[in-house]
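For reference, the structure is listed below as structure tokens.
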Amino acid sequence: MPAALVVDPQLHAKEIARFLGKVIRRPDSVEPGSGAMMCAIWTGAIGDDGYGRFSITRDGVEKTVKPHRYAAALALGQPVFTGQVIEHVVCDNPICVHAHPDPEVGHIWPSTQSDNLRCMQAKGRAQRWWVRGWSGLARAERAERSRQLAAAVRSGWDDAAVREVLLRIDPAQTSLF
Ligand SMILES: [Zn+2]
């Protein structure tokens with residue numbers, strides 16, 4: 001059986017609190033006019049691939065996991081297996097940890113579910129400025145943007161600062177629209 005990341009609300013309560021302490025959400029979560037839940041931003045460590053890093057201990061061994069995978073295991077209440085792909089279906093934002101069991105709400109899904117959800121979300125995506133602009137970025141640019149985005153909200157959600165970071169460089173805007 002492949003190794004699995006399991007996050008248990010009782011057993012790992014302290015660890016979950018430490019995780020959530022590094023996550024910043026828009027106070028009402030929803031962007032005015034869009035009706036869509038915005039990303040929840042990871043503000044802890046960020047690796048050179050632009051994804052976050054979170055340290056946990058399992059069976060006495062310290063491990064580093066990507067926060068969006070941890071968020072999926074926590075919110076969906078199911079193990080995330082090594083090698084299982086967990087995708088940002090709604091937003092492409094590597095440091096988004098907005099997992100939620102409601103398909104209308106969550107941004108992060110196992111790839112087995114993501115195709116259907118991607119179709120469902122496709123129409124909304126084009127209208128949401130904050131979901132664009134990641135896929136065209138090179139690795140170093142993505143890491144840089146992740147760090148800028150985390151820095152923009154570290155002391156509290158700031159719409160203007162988030163907008164500034166996400167819209168500053170947007171290769172997707174020229175190629176897709
Ligand atoms: Zn998101």
Side-chain angles (χ1 to χ4, degrees), residues 7 16 19-47 49-54 65-78 80 84-137 139 141-154 156-173 176:
V7 182
I16 292 167
F19 178 83
L20 295 176
K22 295 173 192 281
V23 177
I24 303 288
R25 293 171 189 275
R26 195 174 197 280
D28 62 2
S29 295
V30 176
E31 195 204 2
S34 85
M37 305 282 280
M38 290 192 75
C39 298
I41 310 290
W42 171 255
T43 63
I46 293 171
D49 57 1
Y51 286 84
R53 299 288 189 270
F54 181 56
V65 297
K66 290 179 178 169
H68 71 289
R69 298 175 67 83
Y70 188 91
L74 173 63
L76 305 180
Q78 60 192 43
V80 169
Q84 184 182 8
V85 177
I86 303 294
E87 287 189 71
H88 287 92
V89 173
V90 175
C91 59
D92 295 337
N93 174 358
I95 57 166
C96 171
V97 294
H98 184 38
H100 192 283
D102 182 343
E104 302 273 356
V105 176
H107 290 188
I108 299 166
W109 300 95
S111 57
T112 44
Q113 288 165 269
S114 61
D115 281 351
N116 286 339
L117 293 165
R118 207 186 303 279
C119 290
M120 207 177 83
Q121 295 277 357
K123 204 172 151 219
R125 278 174 70 96
Q127 296 154 3
R128 298 177 206 151
W129 61 268
W130 46 271
V131 308
R132 300 204 316 264
W134 291 93
S135 54
L137 296 179
R139 183 182 162 99
E141 291 174 313
R142 193 172 64 212
E144 176 64 16
R145 185 187 284 192
S146 289
R147 292 185 178 122
Q148 288 172 350
L149 183 57
V153 298
R154 195 162 281 131
W157 187 274
D158 180 336
D159 266 349
V162 169
R163 214 171 256 273
E164 159 76 13
V165 171
L166 291 184
L167 297 182
R168 193 181 300 146
I169 342 157
D170 193 352
Q173 254 179 346
L176 293 177

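Just so you know, these numbers come straight off a predicted model, no measurement behind them. Read the numbers this way: they start at 1 and go in the same order the structure lists the ligands and their atoms.
- Note on ring orientation: taking the six-membered ring where Trp is involved, the planes of F54 and W42 are perpendicular (angle over 60°, cut-offs 30° and 60°).
- Ring geometry for Y51 against H68 counts as tilted: the plane angle lies between 30° and 60°, on a 0 to 90° scale.
- Residue R26 comes nearest to W157 through the heavy atom pair N-CE3, 3.3 Å, listed as atom of the first residue, atom of the second, then distance.
- Only protein N, O or S atoms were scored, and 4 of them lie under 2.8 Å from the Zn ion (ligand 1).
- Two residues are said to be in side-chain contact when any heavy atoms from C-beta on lie closer than 4.5 Å; P110 and Q78 meet this criterion.
- Listed by chain and number, the residues in a side-chain contact (heavy atoms from CB on, under 4.5 Å) with A152 are A161, V165 (sequence neighbours excluded).
- Within the 3.5 Å criterion, the main-chain N or O of A150 finds no donor-acceptor partner in the side chain of T43.
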